[in-house]
Amino acid sequence: MPTYPQEPDRAASDPVEPVPEGAGRPPRGDLPQPGPPRPEAANGEPGPDAAGPAPAEDEYTTAIQELEDRWRRALADLDNLRKRHARELERERAVERSRTAAAFLPVLDNLELALTHAGADPGAIVEGIRAVRDQAVNVLELLGYPRHAETGVPFDPARHEVVGVVQDPDAPPGTVVEVLRPGYGDGERQLRPAAVTVAKRE
């Protein structure tokens, strides 16, 4: 049988490079695995996966800032409205006070005239004071506060204030016998009730 020459063992014949001392080979399981490349835009700028604030967070921040701005504006408008209302209310009060005071000026003029003629006829002075009183009552009625000094009418707790009860055989029980102090106004616009005495009930 012919014999063929055997090829030398390549693994045995290849020289093995020595490993430097102190350098160890990492185990294969610890080698970092390469990940997929991050996408980049065509112009070289970072893509949507690059680090940075998320678009949703930017939208929330902008919405919160807009709401805070609208809230501050609403507070400012409310404060301006309150101040304007206070000024208008004070102006209306001043106008009403002036109108009321002006309505009583003729009454004061007549009182001054009566005092000027105080040394004249006493009867004329009494008539002058009575005329001034009637004029003042008329002013109050024009302002919405009519005078109430009626006798012989049934007692009304909304218009009368009882200050005394008397026995009067000529007056029906529960009726006004005498008005000690007139009342002015009606209902919610009442300045004061009339102070009266009432006939006693049997």
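Values below: every heavy atom of this structure, side chains too, minus hydrogens, waters and symmetry copies.
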Discussion item. Can you give me the closest heavy-atom contact between A194 and G183, atom names plus distance?
Written reply: CB-N, 3.5 Å
Discussion item. In this structure, would Y145 and V132 fall into the same cluster of hydrophobic residues linked by side-chain contacts under 4.5 Å?
Written reply: yes
Discussion item. Tell me the closest heavy-atom pair linking V176 and F155, and the distance in Å.
Written reply: CG2-CA, 4.4 Å
Fill in: Side chain proximity check, V196 to E178, heavy atoms < 4.5 angstrom
no
Discussion item. Can a donor-acceptor pair be found, under 3.5 Å and without considering hydrogens, that links the side chain of E66 to the backbone of T61?
Written reply: no
Practice prompt. May I ask you to decide if A171's main-chain N or O and T175's side chain share a donor-acceptor pair within less than 3.5 Å?
Written response: no
Discussion item. D69: which residues meet the side chain to side chain donor-acceptor pair (under 3.5 Å) condition with it, sequence neighbours left out?
Written reply: R73
Worksheet, complete the sentence: When rounded to the nearest 0.5 Å, the distance separating CD of E141 from CG of D134 is 11.5 Å
Discussion item. Tell me whether E68 at atom CD has more than 12 heavy atoms from other residues, nucleotides or ligands lying less than 6.0 Å away.
Written reply: yes
Item to complete: Considering only NZ, NE, NH1 and NH2 on the basic side and carboxylate oxygens on the acidic side, decide whether R181 and E161 come within less than 4.0 Å.
Response: yes
Worksheet item: With the 4.5 Å side-chain cut-off for hydrophobic clustering, are L111 and L140 part of the same group?
Response: yes
Fill in: Lys/Arg N to Asp/Glu carboxylate O, R97 vs E90, below 4.0 Å
yes
Item to complete: Please report the closest heavy-atom contact between P173 and K200, naming both atoms and the distance.
Response: CB-O, 3.7 Å
Fill in: Verify same cluster id: V107, Y184 (apolar side-chain graph, 4.5 Å)
yes
Worksheet item: About how many Å separate CG of L142 and CZ of R99, when rounded to the nearest 0.5 Å?
Response: 9.5 Å
Fill in: Between CZ on residue R84 and CG on residue D79, distance to nearest 0.5 Å
11.0 Å
Worksheet item: In terms of hydrophobic clusters joined by side-chain contacts under 4.5 Å, are V163 and V177 together?
Response: no
Worksheet entry | Short N-O contact, R130 and E127, less than 4.0 angstrom | yes
Worksheet item: Which distance, rounded to the nearest 0.5 Å, do you find between the CZ of R133 and the CZ of R147?
Response: 5.5 Å
Worksheet item: Can you tell me how far the CG atom of D156 sits from the CD atom of E150, to the nearest 0.5 Å?
Response: 11.0 Å
Worksheet item: Any idea which heavy atoms bring H160 and V153 closest together, and the distance?
Response: CE1-CG2, 4.0 Å
Worksheet item: Same cluster for L180 and V165 if Ile/Leu/Val/Met/Phe/Trp/Tyr side chains link at under 4.5 Å?
Response: no
Worksheet item: What is the distance from atom CG of D186 to atom NE2 of H148, rounded to the nearest 0.5 Å?
Response: 3.5 Å
